[in-house]
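Here is the structure we will look at, set down as structure tokens.
Order of listing sets the numbers, starting from 1, for every ligand and every atom in it. The structure presented is a predicted model; accordingly, all values stated were derived computationally and were not measured.
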Amino acid sequence: MAGKDEAEGLEARLLLLPPEAAAEEPTRCGGGDGGGGGRKRKKTYLDVLGVCCSAEVALVERLLAPLDGVRVVSVVVASRTVVVEHDPAAAPESAIVKALNKAGLEASVRAYGSSGVVSRWPSPYIVASGVLLTASFFEWLFPPLQCLAVAAVVAGAPPMVRRGFAAASRLSLDINVLMLIAVAGALCLGDYTEAGAIVFLFTTAEWLETLACTKASAGMSSLMGMLPVKAVIATTGEVVSVRDVRVGDVVAVRAGEIVPVDGVVVDGQSEVDERSLTGESFPVPKQPHSEVWAGTMNLDGYIAVRTTALAENSTVAKMERLVEAAQNSRSKTQRLIDSCAKYYTPAVVVVAAGVALIPALLGADGLEQWWKLALVMLVSACPCALVLSTPVASFCAMLRAARMGIFIKGGDVLESLGEIRAVAFDKTGTITRGEFSIDSFHLVGDHKVEMDHLLYWIASIESKSSHPMAAALVEYAQSKSIQPNPENVGDFRIYPGEGIYGEIHGKHIYIGNRRTLARASSPQSTQEMGEMIKGVSIGYVICDGELAGIFSLSDDCRTGAAEAIRELGSLGIKSVMLTGDSSAAATHAQGQLGGVMEELHSELLPEDKVRLVGGLKARFGPTMMVGDGMNDAAALAAADVGVSMGISGSAAAMETSHATLMSSDVLRVPEAVRLGRRARRTIAVNVAGSVAVKAAVLALAAAWRPVLWAAVLADVGTCLLVVLNSMTLLREEWKGGAKEDGACRATARSLAMRSQLAADSQAPNAADAGAAGREQTNGCRCCPKPGMSPEHSVVIDIRADGERQEERPAEAAVVAKCCSGGGGEGIGCGASKKPTATAVVAKCCGGGGEGTRCAASKKPATAAVVAKCCGGDGGEGTGCGASKRSPPAEGSCSGGEGGTNGVGRCCTSVKRPTCCDMGAAEVSDSSPETAKDCRNGRCCAKTMNSGEVKG
Ligand SMILES: Nc1ncnc2c1ncn2[C@@H]1O[C@H](COP(=O)(O)OP(=O)(O)OP(=O)(O)O)[C@@H](O)[C@H]1O
Ligand SMILES: [Zn+2]
């Protein structure tokens with residue numbers, strides 16, 4: 001039984017997927033825990049209210065293990081969820097529920113879309129018990145009322161009895177058994193009110209705890225969003241199950257739908273809410289060539305997506321497995337507590353028995369007192385609060401992290417996060433965007449090769465590499481109208497930290513840094529070369545042993561990188577840079593960061609990074625490594641906490657890392673550290689609190705008077721407090737308001753939000769928007785570059801009459817400068833900034849790499865809207881010229897735009913509403929461009945939704 005092996009790690013696994021989505025995908029489950037086998041498997045999520053302590057975890061496992069067809073059982077104590085992987089033919093859901101309910105565990109199958117929310121009201125048992133108990137308090141008026149206390153016991157006890165019986169019959173001493181013994185003892189001693197109080201308090205506390213936990217787990221299931229079960233094939237319009245979508249299939253995703261698969265946009269434009277994956281609350285524009293991920297929501301346009309991964313291999317599915325696995329690995333603290341708890345309960349029970357029996361055997365007086373003391377001890381034998389103190393806090397912290405776009409692979413990692421003393425950052429793709437642009441390219445030597453040939457060879461070879469520089473070189477060739485052909489590349493090799501080698505048309509070509517020169521045994525000295533070209537990162541092309549070309553490239557640092565490092569500094573954490581790039585590039589980045597890095601290490605090979613991480617650990621203590629690339633994998637693994645950047649980062653980096661930042665927002669790094677510290681504090685408070693309360697109760701009972709109900713209250717009360725205290729982790733940490741100014745805390749997204757607020761309030765304040773922009777450019781040297789991620793949005797002021805760039809008031813100019821921070825190609829927002837009456841959030845376009853500009857984004861702005869770049873379709877040099885003139889009544893496809901190339905595209909891109917949203921008439925055959933854009937009218941017919949059309 002697979003479930004058996006997992007018994008150790010059972011109690012705190014998470015669930016991320018909505019039950020049905022997972023349930024309908026046997027392959028996904030099979031992939032999850034290995035050994036899926038050929039038989040059909042189903043994953044069922046059950047709400048099991050009776051799960052309280054670790055004792056029940058073993059119980060659940062023992063109940064389900066004998067059932068035929070049950071394969072894996074996971075119990076999530078924090079959310080009272082049991083996840084069962086089973087063969088529905090051999091073990092139907094009903095059989096599983098029945099088995100659990102036989103033991104009074106109050107199990108039910110979670111319905112689709114619900115998040116395990118249980119009834120908010122107490123069960124009739126609790127209510128009846130409470131009413132009767134209250135009535136019994138009036139015994140001083142009428143002594144026979146005392147019997148009502150016994151009735152309160154009878155009314156409230158059934159669920160306890162059922163669970164306790166199930167546990168006892170399996171020889172396990174769970175909390176229910178202990179409480180029942182206490183109740184029985186109180187009844188024997190004639191303390192009816194006490195007995196009634198125990199039952200009432202215990203059941204009430206359990207109910208409150210369930211409510212609290214449910215709240216936590218509700219957050220978890222909303223985390224991943226609702227993965228759709230069906231997908232629409234774009235070419236045929238056929239609706240198929242997501243698991244039947246093959247790689248390469250093109251699926252249609254309409255406005256308001258969840259993207260069903262990971263893939264690349266091939267047609268259409270839209271904004272996508274990736275919050276579920278990245279924690280980023282600002283919509284991300286998507287256009288052809290943009291990547292999209294399953295589980296994210298298409299907000300406002302039609303897109304066709306070419307699938308790049310099977311549903312079970314989608315990022316969200318991988319994340320689910322990752323988090324499930326994470327919960328299987330218990331943290332050090334948790335393991336310690338669990339092993340203590342194992343001995344604690346039996347030990348206390350033995351001592352309690354001694355306290356009850358020894359005085360009696362010795363014939364001591366006041367036996368009742370001794371027995372009461374024994375009962376108090378029994379009640380205190382429940383290690384519940386202590387056992388819950390770590391997993392519930394970890395659960396909440398990881399949930400909070402996931403909501404912020406940080407996936408943490410386990411409680412151990414969480415605890416280590418709080419101990420970090422030094423952080424090593426990789427440069428390319430981590431501190432910088434990893435979006436290089438070629439500043440210059442020269443032929444070298446006696447010009448034996450022609451530029452066109454060389455570029456063709458380079459681009460073809462680089463097409464096989466995933467290094468950020470490769471993309472820049474390919475793009476550069478394409479900008480010279482040279483199309484790479486990777487198929488012609490014969491031998492291809494990657495030299496980590498150096499460059500690449502490829503053979504094409506009989507030529508042996510090396511592309512890379514200085515080390516490559518040596519490898520290719522090129523006679524030129526690099527000294528000499530350095531004088532030939534000025535630039536930050538310099539690359540060499542060696543063709544058949546001779547230097548044939550030399551190029552320089554540059555890259556900009558990410559928004560918020562400097563601030564992230566400053567924040568780490570304020571937490572007492574040292575930051576260093578480790579890069580495979582040249583020292584000039586490292587220094588350049590340091591300059592952009594305002595010199596915040598404590599150390600720079602450049603021209604490193606992957607093994608050097610590992611060595612340096614080891615050095616940091618020795619010098620400063622626990623060390624974090626943040627990286628993205630393949631050659632960071634070893635260093636990530638070597639660090640105490642390895643953090644990989646971004647969902648689109650290298651798979652190897654993600655696999656070996658201990659945590660993953662789902663967005664490329666470096667500011668999440670200090671946030672993660674803070675969260676780790678908070679989690680450690682919370683766990684410490686939980687542990688100390690639960691131990692202290694237990695000790696105090698026992699001491700009081702021994703020294704003064706054993707009060708049974710107080711002991712019960714202390715026990716269940718601490719359980720509840722532990723849960724509530726852990727849940728404070730779910731809340732955002734309060735940060736002082738003073739932090740905001742000066743630093744570039746105001747990231748693009750907050751700027752955008754601010755300007756939208758301004759617009760919403762119908763009190764546009766151009767000066768404010770300008771000030772916000774200045775804050776960003778001043779505080780943060782790294783300006784957003786036109787591109788595809790949310791931080792690339794900037795505030796642009798657009799004049800109401802939709803006029804051109806000729807007039808630019810100062811405040812707008814400041815903002816716009818940021819846009820051009822990107823490409824050396826002169827991609828500029830300059831074109832787009834316009835004075836305005838209304839604050840508008842515009843996007844820097846581009847993304848195609850082709851100097852498309854923000855001019856594109858200009859939209860007449862009579863209404864406050866999120867403007868969009870049209871075009872941005874790489875290679876075509878599309879501008880938005882066409883759409884700039886779109887009429888104030890948004891989205892009409894008519895008028896002056898008609899004649900320009902790409903009209904249809906611009907038209908759709910002026911989103912909200914799209915052309916299609918204008919109604920079926922728009923797409924009638926009389927308007928061929930529109931019809932084409934809307935994919936033969938189908939899109940129009942389908943997205944026609946008056947709800948989407950905003951006036
Ligand atoms: N595909 C490639 N094309 C051209 N040059 C390359 C390529 N791959 C690597 N190089 C060269 O090798 C150097 C080191 O690469 P490596 O991937 O180790 O580090 P990096 O990505 O530049 O920086 P970091 O370590 O900060 O991520 C690069 O700076 C570049 O000069
Ligand atoms: Zn308990």
Side-chain angles (χ1 to χ4, degrees), residues 424-439 441 455 457-477 484 486 489 492-502 509-520 526 529-530 533 535-542 549-558 561 576-590 593 597 599-610 612-613 625-636 644-646 649-650 652-653 664 666:
F425 286 95
D426 162 64
K427 181 185 73 73
T428 313
T430 304
I431 290 294
T432 65
R433 296 173 183 281
E435 293 165 11
F436 285 95
S437 51
I438 307 287
D439 295 335
F441 192 106
L455 282 179
W457 295 333
I458 293 174
S460 300
I461 297 169
E462 290 284 16
S463 294
K464 299 193 136 204
S465 161
S466 61
H467 196 275
M469 287 185 186
L473 285 164
V474 172
E475 242 164 52
Y476 183 75
V489 179
F492 174 77
R493 267 171 271 160
I494 295 177
Y495 298 103
E498 277 183 33
I500 56 173
Y501 162 81
I509 296 179
Y510 287 85
I511 312 160
N513 59 9
R514 275 205 302 209
R515 286 181 211 264
T516 313
L517 273 182
R519 178 180 296 276
T526 52
M529 292 303 113
I533 192 165
V536 173
S537 303
I538 296 180
Y540 304 89
V541 186
I542 299 105
I550 179 164
F551 54 93
S552 70
L553 359 68
S554 59
D555 188 11
D556 284 296
C557 68
R558 289 185 189 278
V576 306
M577 186 194 289
L578 307 183
T579 180
D581 209 339
S582 66
S583 65
T587 318
H588 177 74
Q590 167 81 321
L593 292 171
M597 286 277 179
E599 293 172 19
L600 307 177
H601 301 269
S602 54
E603 293 178 40
L604 302 174
L605 293 175
E607 53 269 31
D608 299 327
K609 292 189 180 181
V610 174
L612 281 163
V613 165
M625 167 83 201
V626 188
D628 70 320
M630 271 203 314
N631 39 15
D632 298 326
L636 289 173
S644 57
M645 291 286 290
S650 117
S664 40
V666 196

Would you mind reporting whether [Y] and [X] have side-chain heavy atoms less than 4.5 Å apart?
| X | Y | value |
| --- | --- | --- |
| Cys557 | Arg433 | no |
| Asp426 | Met625 | yes |
| Met645 | Arg558 | yes |
| Leu473 | His467 | no |

Please list, in number order, the atoms of ligand 1 under 4.0 Å from a heavy atom of [X].
| X | result |
| --- | --- |
| Gly497 | 12 (O), 13 (C), 14 (C), 15 (O), 18 (O) |
| Glu498 | 10 (N), 11 (C), 12 (O) |
| Lys609 | 24 (P), 25 (O) |
| Gly512 | 5 (N) |
| Ser465 | 1 (N) |

Given that the side chain starts at C-beta and the backbone is N, CA, C, O, which of these parts of Glu462 lies under 4.0 Å from ligand 1, counting heavy atoms, or is it both or neither?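 Side chain only; the backbone of Glu462 stays clear of ligand 1.
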So which bit of Asp581 gets within less than 4.0 Å of ligand 1, heavy atoms only: side chain, backbone, both or neither?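 Contact part for Asp581 vs ligand 1: both backbone and side chain.
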For atom 9 (C) of ligand 1, which of the options Gly499, Ala586, Ser537 provides the nearest non-hydrogen atom?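 The residue whose heavy atom sits nearest atom 9 (C) of ligand 1 is Gly499.
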Per atom 28 (C) of ligand 1, closest listed option by heavy atom (His601, Lys427, Lys464, Met469):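 It is Met469 whose heavy atom sits nearest to atom 28 (C) of ligand 1.
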Does His467, backbone or side chain, put an N or O under 3.5 Å from an N or O of ligand 1?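 Yes.
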Going by distance only, is there an N or O of Gly580 that falls short of 3.5 Å from an N or O of ligand 1?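 N/O-N/O distance under 3.5 Å: yes.
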State, to 0.1 Å, how close Ala561 and Leu593 come at their nearest heavy-atom pair, and which atoms those are.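 Looking at all heavy atoms of both residues, the closest pair is CB-CD2, 3.7 Å.
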Residue pair Glu462 / Val474: nearest heavy atoms and the distance that separates them: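 Reported closest heavy-atom pair: CB-CG2, 3.9 Å.
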In Å and rounded to the nearest 0.5 Å, what is the CG to CD1 distance from Asp555 to Ile431?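 Separation between the atoms: 11.0 Å.
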Residue among Phe551, Phe436, Phe441 satisfying ring pair (Phe, Tyr, Trp, His ring centres under 6.0 Å) with Tyr476: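 The single option meeting the ring pair (Phe, Tyr, Trp, His ring centres under 6.0 Å) with Tyr476 is Phe441.
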